[in-house]
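Inspection log for the structure reproduced underneath, given as structure tokens.
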Amino acid sequence: MPHPTPSRRARLATAVLLGTALALTTGTATANTTPTAAPGTTTAGTGTGQYSGTVPLGTTPSGTTHQLRDPSRGNQRTLDALNQTSGPGVLFTDADDVWGTGLPSNRQTAAVDVHYATAVTWDFYRAAFNRSGVRGDGVATTSRVHYGTNYGGAFWDASCACVSYGDGTTPGRPPTSLDIVGHELAHGLIGSTANFAATGEPGALGEGTADILATAGEFFAENKADVGDYLLGERVYDGPPRRMDRPGADGVSRDYWSADIGGLDPHAASGPARHFYYLLAEGSGPKEINGIAYDSPTYDGSKLLGIGRDRATRIWYRALTLHMRSSTDYAAARTATIQSAVELYGASSPEAARVAAAWKAVNVG
């Protein structure tokens, strides 16, 4: 199953029960069958995405069709932008509640990946942080796929609490993978919490936070077709993807903090934040995780032990939501995360000590 097992959820901080949101299971739908569920009721559709494989989808019956709308997750909707850049788009509908083919030529396929990944992110925020939706208000995101013509990226729009996804600059490679969806949705969470400025070190921390939450969400999903890893965008883009263990491997990101880092593009400048999170979660040196080899160095040559993804994510989220502000720079992020580790685990805890050590390992503090 692509969703986390109960034992996995039990290891998260809040151990929140997800209720009806977890009732979706992959099932078999019969073609040309009139939906029998009451209006507004979530039904269990099935979809095949390009990146996520065959997955359950939360859908809504409407007459003799189903809509790609999920009332159990704040009325999450996925629309076809019809390759336009204006207008609301058209809500996807389907007669038999079996969506997509796994091929990008089918317009539903990108919608499957996005609808599924958006649901995973909702479940992840609820389980890990007891947070209802990206803004914490119980209202879900509206997603639009097939945005524009040859549009290569994806973006969060705070004015409509929506995300738009193009068809990609490489034919057949839309930016709709689990980690990219998680990254864009994280910008909504960031905007309703620390709300980092877009440039300088705060901008770097914004992009780093989006990558951290996207990575944690991908591991949470336990999707067999797209296993959790510390790479960003590797399913979509050619060339070296953004990495957490060695950010500089992409040729533009920085592994460590330096005084000029605020002048870089925020994605490149986010390297030390990504690197800090990886070192805090997994530690330094060579290791293999889910079949991928990592070998994370440190600025000071130190050998670090990790505290695990769950605790590292919990510390970062607490710092983000309670102690970081729009002007927070790397030095202030260090202070915020150490404070959060102390609040969660105690001043003399291994977690607090390893937060400080991980920042030193990326040349902060």
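Remark: side-chain polar atoms of T109 are paired, donor with acceptor, to backbone N or O of L103 under 3.5 angstrom. Within the 3.5 Å criterion, the main-chain N or O of H267 finds no donor-acceptor partner in the side chain of E207. Here the side chain of S253 pairs no donor or acceptor atom with the backbone of D250 at under 3.5 angstrom. Side-chain N or O atoms of N290 include one that pairs as donor or acceptor with a backbone N or O of G228 at under 3.5 Å. Within the 3.5 Å criterion, the main-chain N or O of W99 finds no donor-acceptor partner in the side chain of D94. A donor-acceptor pair is defined here as one N or O able to donate and one able to accept, closer than 3.5 Å; no such pair exists between the side chain of Q67 and the backbone of L91. A donor-acceptor contact shorter than 3.5 Å links the side chain of Q76 to the backbone of H115. Within the 3.5 Å criterion, the main-chain N or O of R314 finds no donor-acceptor partner in the side chain of R318. A donor-acceptor contact shorter than 3.5 Å links the side chain of D179 to the backbone of G233. For the pair D157 (side chain) and V163 (backbone), a donor-acceptor distance under 3.5 Å is absent.
Rounded to the nearest 0.5 angstrom, M324 CE and F196 CZ are separated by 5.0 Å. Atom OG1 of T101 is separated from atom CD of Q50 by 9.0 Å, given to the nearest 0.5 angstrom. We find the OG-CD distance between S164 and E184 to be 9.5 Å, quoted to the nearest 0.5 Å. Rounding to the nearest 0.5 angstrom, the gap separating the CZ atom in F219 from the CD1 atom in I289 is 5.5 Å. A distance of 7.5 Å separates CG in D229 from OG1 in T215, rounded to the nearest 0.5 Å. Atom OG in S177 sits 7.0 Å away from atom CD in E234 (nearest 0.5 Å).
Of all the heavy atoms in A210 and I190, the pair that sits closest is N-CD1, 3.9 Å. Nearest heavy atoms, N150 versus T169: O-CG2, 4.1 Å. In terms of heavy-atom proximity, R246 sits nearest to P297 at CG-CD, 3.5 Å. For the pair A352 and A347, the tightest heavy-atom approach, listed with the atom from each and the gap, is CB-O, 4.1 Å. In terms of heavy-atom proximity, R243 sits nearest to D245 at NE-OD1, 2.8 Å. Scanning both residues, D238 and T170, for their nearest heavy atoms gives OD2-OG1, 4.0 Å.
Shown here are the salt bridge (Lys or Arg N to Asp or Glu O under 4.0 Å) partners of R77, two or more places apart in sequence or in another chain: there are none. Applying the side chain to side chain contact (heavy atoms under 4.5 Å, CB included) criterion to L279, with sequence neighbours excluded, gives H275, S284, S296, T298, L304, A358, A361, V362.
Linking ILVMFWY residues whenever their side-chain heavy atoms come closer than 4.5 Å, directly or via other members, places L344 and I307 in the same cluster. Two different hydrophobic clusters hold L79 and Y165 under the rule that ILVMFWY side chains link at heavy-atom gaps under 4.5 Å. In terms of hydrophobic clustering, with Ile, Leu, Val, Met, Phe, Trp and Tyr side chains grouped at heavy-atom distances under 4.5 Å, L231 and V252 are assigned to different clusters. Hydrophobic clustering places L178 together with I292 (ILVMFWY residues linked when any side-chain heavy atoms are closer than 4.5 Å, directly or through intermediates).
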task = Please assess N223 against Y116 for the test side chain to side chain donor-acceptor pair (under 3.5 Å), listing each intermediate value before the final yes or no.
result = CA-CA 11 Å; N223 183 296; Y116 163 75; 2.9 Å; yes
query = Could you go step by step and tell me if T337 and W316 meet the side chain to side chain donor-acceptor pair (under 3.5 Å) rule?
reply = CA-CA 6 Å; T337 50; W316 190 273; over 6 Å; no
query = What's the verdict on side chain to side chain contact (heavy atoms under 4.5 Å, CB included) for D260 and R254, showing C-alpha distance, side-chain angles and the deciding distance?
reply = CA-CA 11 Å; D260 64 343; R254 295 281 181 87; 3.1 Å; yes
task = Take S192 and R131, measure what side chain to side chain donor-acceptor pair (under 3.5 Å) needs, and give me the verdict at the end.
result = CA-CA 12 Å; S192 64; R131 187 179 185 88; 2.9 Å; yes
request  = Dump the intermediate steps for side chain to side chain contact (heavy atoms under 4.5 Å, CB included) on D70 and T60, then the final yes or no.
outcome  = CA-CA 6 Å; D70 186 351; T60 300; 6.0 Å; no
message = As a quick check of understanding, evaluate side chain to side chain donor-acceptor pair (under 3.5 Å) for E343 and H323, giving each step before the final call.
response = CA-CA 12 Å; E343 291 166 351; H323 305 306; 2.9 Å; yes
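Using a 4.5 Å cut-off on side-chain heavy atoms (C-beta onward), T78 and T118 make no contact. With contacts defined as side-chain heavy-atom distances shorter than 4.5 Å, the pair M244/L232 qualifies. Counting heavy atoms from C-beta outward, L68 and T93 have side chains that stay 4.5 Å or more apart. Counting only heavy atoms from C-beta outward, the side chains of Y317 and L189 approach each other to under 4.5 Å.
In this model, a donor atom of one side chain and an acceptor atom of the other lie less than 3.5 Å apart for D97 and T59. Side-chain contact, R107 with N83: a donor N or O sits under 3.5 Å from an acceptor N or O. D113 and S52 share a side-chain donor-acceptor pair at under 3.5 Å. A donor-acceptor contact closer than 3.5 angstrom is absent between the side chains of T313 and R309.
Side-chain contacts under 4.5 Å among hydrophobic residues (ILVMFWY), followed directly or transitively, place V236 together with Y51, I180, Y237.
Ring orientation note: the planes of Y230 and Y278 are nearly perpendicular, at an angle over 60° on the 30°/60° scale. Between F124 and F220, the two ring planes are tilted [angle within 30° to 60°]. Classification of the Y151-Y147 ring pair by plane angle, with boundaries at 30° and 60°, yields perpendicular.
A salt bridge is absent between D80 and R144; no separation between the charged side-chain nitrogens and carboxylate oxygens falls under 4.0 Å. No salt bridge links D167 with R173; every basic N to acidic carboxylate O contact stays at or beyond 4.0 Å. Ion pairing between D226 and R235 holds under the 4.0 Å rule for side-chain N and carboxylate O. Between D211 and R274, at least one side-chain nitrogen of the basic residue sits less than 4.0 Å from a carboxylate oxygen of the acidic one, meeting the salt-bridge criterion.
Screening W359, Y256, Y330 for a ring-ring contact (aromatic ring centres under 6.0 Å, His included) involving F276 leaves a single residue, W359.
Counting non-hydrogen atoms of neighbouring residues, nucleotides and ligands closer than 6.0 angstrom, the CG atom of D137 exceeds 12 such neighbours.
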